[in-house]
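Residues: numbered from 1 along the sequence shown.
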Amino acid sequence: MSEPGLIRDIVRGVPVFPDEMPPFDPETAPASPVDLFVEWLKRAVEDGIAAPHAVNLATTGEDGVPDARVVILKDVTSAGWQVASSMDSPKGRQLRKHPTAALTFFWPAAGRQVRIRGSVSTGTTEENDADFQRRHPVARALVLAGSQSAVMRSREDLEAAVEEQVRRIEAADGLASTTWTVFTVAPDVVEFWQADQERRHIRLLYTRFGEGWRRELLWP
């Protein structure tokens, strides 16, 4: 157990935001949050921000308790933001029982954050398989081996399972998974957050409104 105040002393003075951050004028923001997200993501890639496609996926556990982990963004379409996992993984089971989720992107080097909440739908068999086939062979092997998040007795068991499934993949071109699933988060609300050194952060909220979007500024 750390002494009271120790962590506070460790983080005191650590910079929160970079000295220079990209400008953001909410008055010129596009009508669709998808378009603005694509602009921000492209800027993050151009600026060399590490893993800008990494996103925190928050779900509701089967016990009703919140759960979260970082995954990789697969795509963004007019339907929403896409991530993927096995249907029999913890997050897959949670999304099946509670088909709603929240996504959070955080790019510290730009002082930017994007938050998305909405309902979740699953991809077609063709969409799921196309995404599965794009994965690295070892990544596919791990999916085929199953057991994600189960207790593992030893690394040797893992290596043996991966080797077995890699052999199957090499022997059967296009070997598919029956559990790999693309999940699309259809946004109800999307918030874009731009940091300010003096804490006068800019927060632009998009809320689904009929066939379009309502845009509102939020207090920091």
Does V138 offer a backbone N or O that forms a donor-acceptor pair with the side chain of H136 under 3.5 Å? yes

Taking a hydrophobic cluster as the set of Ile, Leu, Val, Met, Phe, Trp and Tyr residues connected by side-chain heavy atoms closer than 4.5 Å, whether directly or through intermediates, do V71 and L103 fall within one such cluster? yes

Is a donor on one side and an acceptor on the other found under 3.5 Å between the side chain of R140 and the backbone of R135? yes

Salt-bridge contact K91-D67 (side-chain N to carboxylate O under 4.0 Å): no

Would you list the atom pairs, donor with acceptor, under 3.5 Å between side chains in residues 168-176 and any protein atom, with sequence neighbours excluded?
| from | atom 1 | to | atom 2 | distance (Å) |
| --- | --- | --- | --- | --- |
| R168 | NH1 | Q165 | OE1 | 2.8 |

Residues 205-213, side-chain donor-acceptor partners within the protein, below 3.5 Å, at least two apart:
| from | atom 1 | to | atom 2 | distance (Å) |
| --- | --- | --- | --- | --- |
| Y206 | OH | P30 | O | 2.6 |
| R208 | NE | P187 | O | 3.4 |
| R208 | NH2 | P187 | O | 3.0 |

Could you tell me if the ring centre of F24 sits under 6.0 Å from that of H201? no

So do the side chains of V114 and W193 get within less than 4.5 Å of each other, counting heavy atoms only? no

What is the distance from atom NZ of K74 to atom OG of S85, rounded to the nearest 0.5 Å? 10.0 Å

For S89, does its backbone N or O pair with a side-chain atom of S86 as donor and acceptor, under 3.5 Å? no

The criterion is ring pair (Phe, Tyr, Trp, His ring centres under 6.0 Å); which residues satisfy it with F183, sequence neighbours excluded? none

Decide whether V189 and W40 are clustered together by the hydrophobic rule: side chain heavy atoms of Ile, Leu, Val, Met, Phe, Trp, Tyr closer than 4.5 Å, transitively. no

Decide if atom CZ of R117 counts as having more than 12 heavy atoms of other residues, nucleotides or ligands within a radius under 6.0 Å. no

Working for side-chain hydrogen bond (donor to acceptor under 3.5 Å, both in side chains), residues T59 and R69: CA-CA 9 Å; T59 55; R69 77 292 290 157; 3.1 Å; yes

Ignoring hydrogens, what is the shortest heavy-atom contact between V14 and I10? Give both atom names and the distance. CG2-O, 3.9 Å

Where is the tightest heavy-atom contact between V166 and P137, given as atom of each residue plus distance? CG2-O, 4.4 Å

Please tabulate, for the side chains in residues 75-82, all donor-acceptor contacts under 3.5 angstrom to protein atoms that are two or more places apart in sequence or on a different chain.
| from | atom 1 | to | atom 2 | distance (Å) |
| --- | --- | --- | --- | --- |
| T77 | OG1 | A79 | N | 3.0 |
| Q82 | NE2 | T184 | OG1 | 3.3 |

Restricting to non-hydrogen atoms, name the atom on I72 and the atom on A54 that form the minimum distance, rounded to 0.1 Å. CD1-CA, 4.1 Å

Could you tell me if the side chain of P90 sits less than 4.5 Å from the side chain of S149, heavy atoms only? yes

Quick one: does T181's side chain have a donor or acceptor within less than 3.5 Å of a partner on T179's backbone? yes

Who pairs with A130 by side-chain contact (heavy atoms from CB on, under 4.5 Å), at least two apart in sequence or on another chain? R134

Exercise answer: donor-acceptor pairs, residues 156-164 side-chain atoms, under 3.5 Å, sequence neighbours excluded:
| from | atom 1 | to | atom 2 | distance (Å) |
| --- | --- | --- | --- | --- |
| E156 | OE1 | S154 | OG | 3.3 |
| D157 | OD2 | R153 | NE | 3.2 |
| D157 | OD2 | R153 | NH2 | 3.4 |

Just by distance, do the side chain of K97 and the backbone of E62 share a donor-acceptor pair under 3.5 Å? yes

L36 and M21: same hydrophobic cluster, using ILVMFWY side-chain contacts below 4.5 Å? no

Measure centre to centre between the rings of F37 and F192, then say whether the value is under 6.0 Å. no

How long is the straight-line distance from CG of L95 back to OG1 of T122, given to the nearest 0.5 Å? 10.0 Å

Say whether D129 and W180, considering side chains only, have a donor N or O and an acceptor N or O under 3.5 Å apart. no

Only one of E191, E216, Q194 clears side chain to side chain donor-acceptor pair (under 3.5 Å) with R203; which? E191

Heavy-atom closest pair, residues A110 and P22: O-CD, 3.5 Å

Would a single hydrophobic cluster contain both M152 and L142, if residues Ile, Leu, Val, Met, Phe, Trp and Tyr are joined by side-chain heavy-atom contacts under 4.5 Å? yes

Student check: side-chain heavy atoms of L217 and L204 closer than 4.5 Å: yes

Considering non-hydrogen atoms only, spot the tightest contact between Q113 and T104 and give its length. OE1-CG2, 3.6 Å

Verify, without hydrogens or angle tests, whether R199 (side chain) and Q197 (backbone) share a donor-acceptor contact under 3.5 angstrom. yes

So how far is it from T124 OG1 to N128 CG, rounded to the nearest 0.5 Å? 6.0 Å

Test side-chain contact (heavy atoms from CB on, under 4.5 Å) applied to V83 and V55, step by step: CA-CA 9 Å; V83 297; V55 57; 4.3 Å; yes

State plainly whether one hydrophobic cluster holds both F132 and V182, where clusters connect Ile, Leu, Val, Met, Phe, Trp and Tyr through side-chain heavy atoms under 4.5 angstrom apart. no

Hey, are D47 and R43 close enough for a salt bridge, meaning a charged N less than 4.0 Å from a carboxylate O? yes

Interatomic spacing from CD1 in I49 to CG in L41 - rounded to 0.5 Å: 9.5 Å

So which heavy atom on D188 is nearest to which on G118, and how close? OD2-CA, 3.6 Å

